[in-house]
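What follows is one structure encoded as structure tokens, with my remarks underneath.
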Amino acid sequence: MAKKDLDWGNLGFNYMPCDYSYVCNYKDGAWEEGGLTDDHTLTLSEDAGIFHYCQEIFEGLKAYTTEDGSIVCFRPDLNAQRMYDSAERLVMPPFPIDKFVDAVKQVVAANADWVPPFGSGATLYIRPFMVATGNVIGVKPADEYQFRIFVTPVGPYFKGGDTSVKLAIAKYDRAAPHGTGNIKAGLNYAMSLLAVTEAHNAGYAENMYLDSQSRTYVEETGGANIIFVDKQGNLVVPQSATDSILPSITRRSLVVVARDILGMNVIERPVKFEEVLAGDFVECGLCGTAAVISPVEKVEGDGVDVTFPDCVGTSGPVMKKLRETLTAIQTCAAEDPFGWVCKIS
Ligand SMILES: *Cc1c(COP(=O)(O)O)cnc(C)c1O
């Protein structure tokens with residue numbers, strides 16, 4: 001076993017097949033044993049449910065090398081639980097939580113040579129997903145599924161350092177009230193591609209979506225939750241009255257870090273877009289596995305131009321402290337008081 005000869009410091013966010021994937025099929029009402037494979041392709045019937053009625057769910061997490069050379073990942077049990085919930089919502093057979101965590105450990109350990117070395121800034125991205133493989137022609141759930149995990153090394157999110165981004169106010173909606181915005185399903189992304197393409201073409205990193213029922217409350221972006229710091233220094237975390245925000249594991253971890261480690265006051269509540277317009281917030285950040293927190297300096301849209309003064313150019317002091325504290329726990333550079341880090345080897 002030797003590390004692959006890759007230019008670890010210059011990896012992008014691209015797919016590179018590694019040695020092994022994990023695969024497990026659901027047939028005759030039960031999940032099979034499952035195991036590792038070196039086949040990185042799927043061959044499916046033209047009538048497989050995924051192609052017609054879009055039964056697909058996924059997860060995303062990362063494995064890292066710590067300073068002492070161990071390989072770890074972060075709270076995989078929460079990814080397992082969220083995928084379980086996503087499956088139930090799309091009438092797919094939930095993949096057992098323990099089996100999910102075990103599969104993550106197996107596939108990362110089998111691809112240890114592909115886990116970027118400590119200090120490179122790169123990580124091994126882990127992508128579990130499940131698709132309907134059984135034939136379906138009338139609209140109904142399929143009766144066969146495949147759960148699969150592939151891994152791929154990816155570069156650091158912040159290539160040019162910790163640089164703030166700009167958001168556009170979306171003119172489209174992301175998620176219907178009480179729809180599927182709270183699960184991690186490919187269908188939520190298919191309908192967001194036009195919005196994000198238009199935002200990118202206009203020079204924005206992402207869209208800020210408001211609740212689609214009233215267009216009054218801040219929800220999230222296409223792929224990351226939003227957090228704010230108000231003038232009093234409170235961490236303000238938007239909640240959705242219509243259950244249409246994706247429960248980000250990074251955001252939920254940051255809430256605990258802010259409250260229990262940094263001693264901050266954390267307020268989780270619906271946040272009106274009017275409060276953003278009124279300049280109530282001095283910092284804004286996007287949170288998700290990829291970047292932990294990306295600072296936001298501006299939100300712009302039809303006649304709207306709001307600046308978060310402490311995040312102009314780069315992270316404000318609170319976002320910076322939050323990111324450093326969580327990253328230190330994730331990489332075992334700091335103590336892990338919550339038992340969040342999962343050791344793989
Ligand atoms: C995956 C995702 C996030 C971030 O979740 P993490 O668990 O922190 O990676 C946020 N919003 C949406 C819509 C997502 O799909």
Side-chain angles (χ1 to χ4, degrees), residues 13 54 56-64 73-87 89-90 97 100-101 104 123-130 149 151 154 157 165 167 170 172-177 179-196 199 205-212 217-228 235 237-240 242-258 268 271 284-294 296 319 322-323 325-327 329-330 338 340-342:
F13 200 89
C54 211
E56 190 271 353
I57 54 177
F58 67 99
E59 277 300 325
L61 65 162
K62 298 190 294 195
Y64 331 76
C73 64
F74 186 68
R75 307 188 80 180
D77 52 315
L78 293 194
N79 295 96
Q81 181 66 55
R82 189 168 63 189
M83 195 168 191
Y84 196 101
D85 298 340
S86 297
R89 180 65 177 81
L90 295 192
I97 311 272
F100 179 107
V101 174
V104 167
T123 56
L124 189 74
Y125 185 73
I126 306 165
R127 168 52 62 90
F129 67 103
M130 192 199 296
I149 307 178
V151 297
V154 295
Y157 190 83
V165 299
L167 302 181
Y172 305 97
D173 293 321
R174 190 191 83 88
T180 55
N182 61 348
I183 62 164
K184 219 165 167 72
L187 54 86
N188 289 330
Y189 280 79
M191 34 70 59
S192 74
L193 294 176
L194 178 61
V196 79
E206 254 287 8
N207 285 291
M208 176 183 278
Y209 289 98
L210 305 183
D211 76 289
S212 57
Y217 295 97
V218 175
E219 293 218 312
E220 60 170 319
T221 67
N225 283 182
I226 299 176
I227 55 178
F228 297 103
L235 185 68
V237 181
Q239 268 182 347
S240 167
T242 51
D243 205 13
S244 35
I245 295 179
L246 194 282
S248 157
I249 294 164
T250 313
R251 182 254 298 167
R252 288 182 278 160
S253 304
L254 287 168
V255 163
V256 175
V257 163
E268 295 183 87
V271 173
C284 177
L286 306 185
C287 41
T289 294
V292 180
I293 303 178
S294 306
V296 177
M319 296 299 166
L322 281 169
R323 184 170 62 242
T325 310
L326 183 59
T327 307
I329 294 173
Q330 288 177 328
F338 314 109
W340 285 345
V341 174
C342 169

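Read the numbers this way: they start at 1 and go in the same order the structure lists the ligands and their atoms.
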Protein heavy-atom partner closest to [atom] - residue, atom, separation in Å:
atom                   : answer
atom 9 (O) of ligand 1 : Thr289 OG1, 2.6 Å
atom 3 (C) of ligand 1 : Gly223 O, 3.5 Å
atom 2 (C) of ligand 1 : Lys184 NZ, 2.6 Å

Report task. May I ask you to check if ligand 1 and Ile249 share an N or O to N or O distance below 3.5 Å? Result ->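 Yes, at least one N or O pair falls under 3.5 Å.
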Considering the heavy atoms of [X], write down every atom of ligand 1 situated less than 4.0 Å from one of them.
X      : value
Arg82  : 5 (O), 6 (P), 7 (O)
Glu220 : 10 (C), 11 (N), 12 (C), 13 (C)
Tyr189 : 12 (C), 13 (C), 14 (C), 15 (O)
Gly288 : 4 (C), 8 (O), 9 (O)
Asn225 : 10 (C), 11 (N)
Arg174 : 13 (C)

Query raised in the report: Can you tell which part of Leu246 has a heavy atom less than 4.0 Å from ligand 1: side chain, backbone, both or neither?
Result: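 Only the side chain of Leu246 comes within reach of ligand 1.
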**Report entry** Residue part near ligand 1, for Ala224, under 4.0 Å between non-hydrogen atoms
**Finding:**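 For Ala224, only backbone atoms sit under 4.0 Å from ligand 1.
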Query - Leu167 side, atom CG; Tyr209 side, atom OH - distance, nearest 0.5 Å - result: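 Reported value, rounded in 0.5 Å steps: 11.0 Å.
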Query raised in the report: For Ser253, is the nearest heavy atom under 4.0 Å from an atom of ligand 1?
Result: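 No, Ser253 has no heavy atom closer than 4.0 Å to ligand 1.
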Requested in this report: Go through Val196 and Glu206 one step at a time and tell me if the side chain to side chain contact (heavy atoms under 4.5 Å, CB included) criterion holds.
Outcome: CA-CA 6 Å; Val196 79; Glu206 254 287 8; 4.0 Å; yes
Report task. Taking all non-hydrogen atoms of both residues into account, name the closest pair between Ser253 and Trp340 and its distance. Result ->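 For Ser253 versus Trp340, the nearest heavy atoms are O-CH2, 3.5 Å.
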Query - Closest approach of Val257 to Thr325 (non-hydrogen atoms, all atoms of both residues) - result: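 Closest pair (atom of Val257, atom of Thr325, distance): CG1-CG2, 3.7 Å.
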Query raised in the report: Does a donor on one side chain and an acceptor on the other come within less than 3.5 Å for Gln81 and Asp85?
Result: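 Short answer, yes.
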Query raised in the report: Are the side chain of Arg251 and the backbone N or O of Cys287 linked by a donor-acceptor pair below 3.5 Å?
Result: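 Side chain of Arg251 to backbone of Cys287: no pair is present.
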Report task. For the pair Thr180 (side chain) and Ile183 (backbone), establish whether a donor and an acceptor sit closer than 3.5 Å, ignoring hydrogens and angles. Result ->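 Not confirmed, Thr180 side chain does not pair with Ile183 backbone.
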Query raised in the report: Quick one: does Glu59's side chain get under 4.5 Å of Lys184's, heavy atoms only?
Result: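 In short, these two side chains touch, coming nearer than 4.5 Å.
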Report task. Show the numbers, then the answer: is there a ring-ring contact (aromatic ring centres under 6.0 Å, His included) between Tyr125 and Phe13? Result -> CA-CA 9 Å; Tyr125 185 73; Phe13 200 89; 5.4 Å; yes
